[in-house]
Amino acid sequence: MENTENARTLNFIEEIVEEDLRNGKNDGRIQTRFPPEPNGYIHIGHAKAICLDFGIARNYNGKCNLRFDDTNPVTEDVEYVDAIKEDIQWLGFQWAGEARYASDYFDQLFEWALLLVRKGKAYVDECSAEEISAHRGVPTQAGKESAYRNRPVEENLDLFMRMKNGEFPDGSKVLRAKIDMTSPNMHMRDPVLYRIKHAHHHRTGDKWCVYPMYDWAHGQSDYIEGITHSLCTLEFEVHRPLYDWCLDQIADGDYRPRQIEFARLNLNYTIMSKRKMLQLVNEGYVSSWDDPRMPTICGLRRRGYTPESILNFVETVGIAKRENIIEFTLLEHLVREDLNKKALRVMVVSNPVKVVLENYPEGQVEMMEAENNPEDESVGTRKIPFSRELFIERDDFLEDPPKKFFRLSPGNEVRLKNGYIIKCTGVDKDEQTGEIRQINCTYDPTTRSGLEGANRKVKATIHWVSANHALDVEVRLYERLFMVPDPDDVEEGKDWKSNLNPDSLKVIVAKAEPGLANAKPGEKYQFQRTGYFCVDTDSKPGKIIFNRTVTLKDDWAKILKQ
RNA sequence: UGCCCUGUAGUGUAAUUGGCAACACGUCUGUCUCUGGAUCAGAAGACUCUAGGUUCGAUUCCUAGCGGGGCAACCA
């Protein structure tokens, strides 16, 4: 019974893998790879691919390589290489051996291209990009062959070598595969294999001035690395015939890597395009790639998301081939679930109003004991100072409360978490504005937490901090970055940025229990009754900064809406 | 007027390969509680895109439609 509980059904890729294993394909070897292009930071969508690629390897006793797909030097940079490595490791994965680079294979790739030319399967085209594009035709109509398509092998060889030697300017020539200009698959209409770029490459420097295209580099790199299952997203589906064609040109034995496509991850209320993320950073809509509002891995990390929550998310979302848009609430649920087990509970008042306990001795301070996490006894307890003057949340008091309001109101009792039961006797208001300046209460000395008298039933428990002991902390309250589920859904003339939420960040100063003065960057807390918070990397001793990861579920807020 | 992929509760993923459509999130009730958190119990919600066909029986197989997505970078 318990076994079936754990036996998750296989996704379609695992089915293929197990089938291959049963058939003894590739001698039972499982080899995958995660192939990011180092032209941006990786995001939660990449996390899906990472979990798949590394997960398959892990579960089937295989290996997963990390391979940077760095065939386009003009958009790529080492800055991204380091960040990508860090993010993968933070998620809990480790690639086999050293990180690899498509650029490691440039010599081999070039040799194979030469082989293609000699076989009469590739030619140097001197048409302009525009002409090539025009000749390619449209999906519903066949293309036209280039005038250079049938030149002699020797001439192609000579020209290609001279391309490599830097004799021609950028864009003047390309090497194209000779396949079929009438193919219904556009990618088979003599795809470009090499282009001239006199560009500095972040690894190979100025060695090359011809660079392979994705289609020539990717499958061949897979082949070199002995990849068995080359997993990628749906948009590469139409490339697969070309992927296979390229491999067939250079492979001799039975072994071939197999490309399998799955649907990428989409999340509502967010964008998943590196281009758009870059724009948000460059135009100052967010502070950086690791801004806690970004769906990047580093952004989520800074926001307070745990690797476990992201892994669970990817697992829950599943792998299939149909387009999907996942609800953000699922991600939030999973981070709450994880943080509920791990986060230490503390009391922080974000919108304070003063409470004075009229019958509590002036100058007296009691140290109250508080559980650090009711879900985990092993993390123990701590002491919090209690005194005559306290801060509570302004929202926890209502002078004229509706029926279902259980918190503090005149004549009503409420429990102070880890403290006493108090009763409101009245309020002091600003004569001009009517704003409540101070709430007056009496406390019942017999109801201290842990004492017999504390067992009395009280409708609500609220959190508090001692006014004289409170620590001022900066709290960054984050909301979703976009106001609408689909940020790309805009009316004529507007662009996706018009859907940005102007209130996605609100910074406040809150009153925290004094022990938080020692909070360290990265630590995660639950502000009781409020939400989960993570100490920001900008935080320093003397200036503690918290990022709100996610709010707690709030039934009262729901009642208010009704 | 082409090719490829894909249609199962609001969302996502299943259905042991042809046997009463399940799970998670979300929604709604209620229970419990020194967090209106967590927990626990329960409910609603799906003509499985449509129409034919094969079959005792179809989400599953076949045919034809329809809807959604992708493909026309010297990007990946």
Side-chain angles (χ1 to χ4, degrees), chain A residues 4 7-11 35-37 39 69-72 74-76 125 127-129 132-134 136-143 170-176 183-189 191-197 210-211 213-215 217-218 232 234-241 261 263 268 274 316-334 336-337 340-341 345 347 370-371 374-375 404-407 415-419 421 447 449-450 454-455 457-463 526-532 551-559:
Chain A
T4 53
R8 183 178 60 81
T9 53
L10 302 177
N11 64 52
E37 183 186 13
N39 68 345
D69 225 331
D70 56 349
T71 56
N72 186 7
V74 301
T75 59
E76 295 156 5
D125 198 342
C127 291
S128 67
I132 289 178
S133 175
R136 189 151 18 229
V138 291
T140 54
Q141 202 180 305
D170 287 7
S172 59
K173 292 179 178 51
V174 290
L175 183 76
R176 296 178 72 179
S183 171
N185 183 337
M186 298 296 288
H187 296 276
M188 298 300 270
R189 323 244 264 225
V192 172
L193 265 23
Y194 272 89
R195 74 284 215 194
I196 302 172
K197 275 181 197 278
V210 289
Y211 290 94
M213 298 288 289
Y214 166 85
D215 288 301
H218 200 92
C232 62
L234 250 28
E235 68 269 28
F236 293 101
E237 206 152 26
V238 281
H239 291 245
R240 184 160 16 104
E261 312 84 14
N268 65 8
K274 281 198 241 179
T316 305
V317 150
I319 303 288
K321 293 195 76 163
R322 60 189 103 116
E323 301 286 343
N324 59 81
I325 302 171
I326 313 293
E327 292 178 344
F328 207 90
T329 51
L330 177 60
L331 221 204
E332 292 185 327
H333 167 259
L334 290 164
R336 282 192 193 103
E337 182 181 71
N340 179 46
K341 294 180 293 194
R345 312 294 139 117
M347 294 199 284
E371 275 181 307
E375 308 288 322
K404 286 187 159 176
F405 185 82
F406 303 145
R407 283 110 95 155
R415 185 191 303 277
L416 295 177
K417 176 84 184 166
N418 309 309
I421 293 173
T447 59
S449 280
N455 295 335
K457 288 275 177 241
V458 183
K459 273 278 198 181
T461 300
I462 64 173
H463 58 104
Q526 184 201 85
F527 292 2
Q528 288 194 112
R529 304 206 305 131
T530 311
Y532 292 99
T551 61
L552 247 29
K553 285 207 268 182
D554 186 355
D555 281 349
W556 173 242
K558 269 187 193 170
I559 293 169

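If you're wondering where the values come from, they're calculated on a predicted model, not measured in any experiment.
Take A:Glu235 and apply the salt bridge (Lys or Arg N to Asp or Glu O under 4.0 Å) test, not counting sequence neighbours, and it matches A:Arg264. For A:Arg407, the salt bridge (Lys or Arg N to Asp or Glu O under 4.0 Å) partners two or more places apart in sequence, or in a different chain, are A:Asp396. For A:Met186, the side-chain contact (heavy atoms from CB on, under 4.5 Å) partners two or more places apart in sequence, or in a different chain, are A:Arg136, A:Pro139, A:Arg189. Every side-chain contact (heavy atoms from CB on, under 4.5 Å) that A:Thr71 has, sequence neighbours left out, goes to A:Asp69, A:Ala102, A:Phe106, A:Pro212, A:Ala217. Scanning for salt bridge (Lys or Arg N to Asp or Glu O under 4.0 Å) contacts around A:Asp125 gives A:Arg176, with sequence neighbours left out. Partners of A:Ala454 by side-chain contact (heavy atoms from CB on, under 4.5 Å), not counting sequence neighbours, listed by chain and number: A:Arg415. Partners of A:Phe406 according to the side-chain contact (heavy atoms from CB on, under 4.5 Å) rule, which considers only residues two or more places apart in sequence or in another chain, are A:Lys459, A:Ala460.
Closest non-hydrogen pair, A:Lys274 versus A:Asn39, comes out as NZ-OD1, 2.6 Å. Across A:Ile421 and A:Thr447, no two heavy atoms sit closer than the pair N-OG1, 2.9 Å. Nearest heavy-atom pair across A:Thr551 and A:Arg336 is O-NE, 2.7 Å.
Anti is the classification of B:U63, since its glycosidic angle lies more than 90° from 0.
A straight line from CD of A:Glu332 to P of B:U11 spans 18 Å, rounded to a whole angstrom. Distance A:Ile326 CD1 to B:G10 P: 16 Å, rounded to the nearest Å. Between the P atom of B:C5 and the CG atom of A:Asn185 lies a distance of 11 Å, rounded to the nearest Å. Summarising the geometry, the separation between CE on A:Met188 and C1' on B:A72 is reported as 15 Å, rounded to the nearest angstrom.
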Watson-Crick or G-U pairs under 3.5 Å in RNA chain B, rendered as dot-bracket with [ ] for crossing pairs and | for another strand:
.((((((..((((.....[..)))).((((.........)))).....(((((..]....))))))))))).....

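Summary of the strand contacts: A:Thr75 and A:Asn324 both lie near RNA chain B, and taking for each the nucleotide with the nearest heavy atom, the more 5' one is attributed to A:Asn324. The 5' end of RNA chain B is approached more closely, in terms of each residue's nearest nucleotide, by A:Ala263 than by the other of A:Ala263 and A:Ser172.
Across B:G45 and B:U6, the matching C1' atoms stand 25 Å from one another, rounded to whole Å. The separation of B:G42 from B:G52, taken at their P atoms, amounts to 40 Å, rounded to a whole angstrom. When the C1' atom is compared between B:A22 and B:G65, the two are found 30 Å apart, to the nearest whole Å. Rounded to the nearest Å, the gap between the C1' atom of B:U55 and that of B:C62 is 12 Å. A distance of about 8 Å separates the C1' atoms of B:U17 and B:U60, rounded to the whole Å.
Residue contacts for A:Thr71: at a heavy-atom cut-off of 4.0 Å it reaches the sugar-phosphate backbone alone, with no base atom in range. Contact annotation for A:Val174: base contact, defined as any heavy-atom pair under 4.0 Å involving a base atom. Using a 4.0 Å heavy-atom cutoff across all strands shown, A:Glu37 reaches sugar-phosphate atoms only and no base atom. Nucleic acid contact class of A:Cys127 (heavy atoms, under 4.0 Å, all strands): base. Across all strands, A:Met347 comes closer than 4.0 Å to no nucleic acid atom at all (heavy-atom distances). As judged by a 4.0 angstrom heavy-atom cut-off over every strand, A:Ile325 is placed among residues touching the sugar-phosphate backbone only. Using a 4.0 Å heavy-atom cutoff across all strands shown, A:Val138 reaches at least one base atom of the nucleic acid.
The NE2 atom of A:His239 sits 5.5 Å away from the CG atom of A:Asp215 when rounded to the nearest 0.5 Å.
Put simply, the side chain of A:Asn11 never gets that close to the backbone of A:Gly318: no donor and acceptor are under 3.5 Å apart. Side-chain atoms of A:Gln141 do not come within 3.5 Å of backbone N or O of A:Gly137 as any donor-acceptor pair. With hydrogens and angles disregarded, no donor-acceptor distance shorter than 3.5 Å links the side chain of A:Ser183 to the backbone of A:Met188.
Here the side chain of A:Lys558 is nearest to one of B:U27, B:G12, B:A72, namely B:U27. Out of B:U8, B:C3, B:U27, the shortest distance to the side chain of A:Arg322 is found at B:U8.
Residues in residues 319-332 of chain A take part in these salt bridge (charged side-chain N to carboxylate O under 4.0 Å, His left out) pairs, two or more places apart or across chains: A:Glu237-A:Lys321, A:Glu261-A:Lys321.
In the interface, the side chain of A:His239 is paired with the base of B:A76 through a donor and an acceptor atom under 3.5 Å apart.
At B:G7, none of the side-chain N or O atoms of A:Lys321 fall inside 4.0 Å of OP1 or OP2 (strictly under the cut-off). Using a 4.0 Å cut-off, no side-chain N or O of A:Arg136 falls inside it from OP1 or OP2 of B:A72.
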Chi angles and distances behind the side chain to side chain contact (heavy atoms under 4.5 Å, CB included) call for A:Trp556, A:Lys404
CA-CA 9 Å; A:Trp556 173 242; A:Lys404 286 187 159 176; 4.1 Å; yes

Below 3.5 Å between N/O atoms, which protein atoms pair up with nucleotides 15-24 of chain B? Just atom names and distances, please.
{"residue": "B:U17", "atom": "O4", "partner": "A:Glu15", "partner atom": "OE1", "Å": "3.2"}

Please list, pair by pair, any protein nitrogen or oxygen found under 3.5 Å from a nitrogen or oxygen in nucleotides 33-42 of chain B.
{"residue": "B:C34", "atom": "O4'", "partner": "A:Arg415", "partner atom": "NE", "Å": "3.0"}
{"residue": "B:C34", "atom": "O4'", "partner": "A:Thr461", "partner atom": "OG1", "Å": "3.3"}
{"residue": "B:C34", "atom": "O2'", "partner": "A:Lys417", "partner atom": "NZ", "Å": "3.4"}
{"residue": "B:C34", "atom": "O2", "partner": "A:Asn418", "partner atom": "N", "Å": "3.0"}
{"residue": "B:C34", "atom": "N3", "partner": "A:Ser449", "partner atom": "OG", "Å": "2.3"}
{"residue": "B:C34", "atom": "N4", "partner": "A:Ser449", "partner atom": "N", "Å": "3.2"}
{"residue": "B:C34", "atom": "N4", "partner": "A:Ser449", "partner atom": "OG", "Å": "2.0"}
{"residue": "B:C34", "atom": "N4", "partner": "A:Gly450", "partner atom": "N", "Å": "3.4"}
{"residue": "B:U35", "atom": "O2", "partner": "A:Gln526", "partner atom": "OE1", "Å": "3.2"}
{"residue": "B:U35", "atom": "O2", "partner": "A:Arg529", "partner atom": "N", "Å": "2.7"}
{"residue": "B:U35", "atom": "N3", "partner": "A:Gln526", "partner atom": "OE1", "Å": "2.5"}
{"residue": "B:U35", "atom": "O4", "partner": "A:Arg345", "partner atom": "NH1", "Å": "2.1"}
{"residue": "B:G36", "atom": "OP1", "partner": "A:Thr461", "partner atom": "O", "Å": "3.3"}
{"residue": "B:G36", "atom": "OP1", "partner": "A:Arg529", "partner atom": "NE", "Å": "3.4"}
{"residue": "B:G36", "atom": "OP1", "partner": "A:Arg529", "partner atom": "NH1", "Å": "2.7"}
{"residue": "B:G36", "atom": "O2'", "partner": "A:Asp555", "partner atom": "N", "Å": "3.4"}
{"residue": "B:G36", "atom": "N7", "partner": "A:Arg407", "partner atom": "NH1", "Å": "2.6"}
{"residue": "B:G36", "atom": "O6", "partner": "A:Phe406", "partner atom": "N", "Å": "2.9"}
{"residue": "B:G36", "atom": "N1", "partner": "A:Lys404", "partner atom": "O", "Å": "2.9"}
{"residue": "B:G37", "atom": "OP1", "partner": "A:Asp555", "partner atom": "OD2", "Å": "2.6"}
{"residue": "B:G37", "atom": "N2", "partner": "A:Arg345", "partner atom": "NH1", "Å": "3.1"}
{"residue": "B:G37", "atom": "N2", "partner": "A:Glu375", "partner atom": "OE2", "Å": "3.0"}
{"residue": "B:A38", "atom": "OP1", "partner": "A:Lys553", "partner atom": "NZ", "Å": "3.4"}
{"residue": "B:A38", "atom": "O2'", "partner": "A:Asn340", "partner atom": "ND2", "Å": "3.0"}
{"residue": "B:A38", "atom": "O2'", "partner": "A:Glu375", "partner atom": "OE2", "Å": "3.4"}

List every contact pair, protein side and nucleotides 68-70 of chain B side both N or O, where the distance is under 3.5 Å.
{"residue": "B:G69", "atom": "O2'", "partner": "A:Glu323", "partner atom": "OE2", "Å": "2.9"}

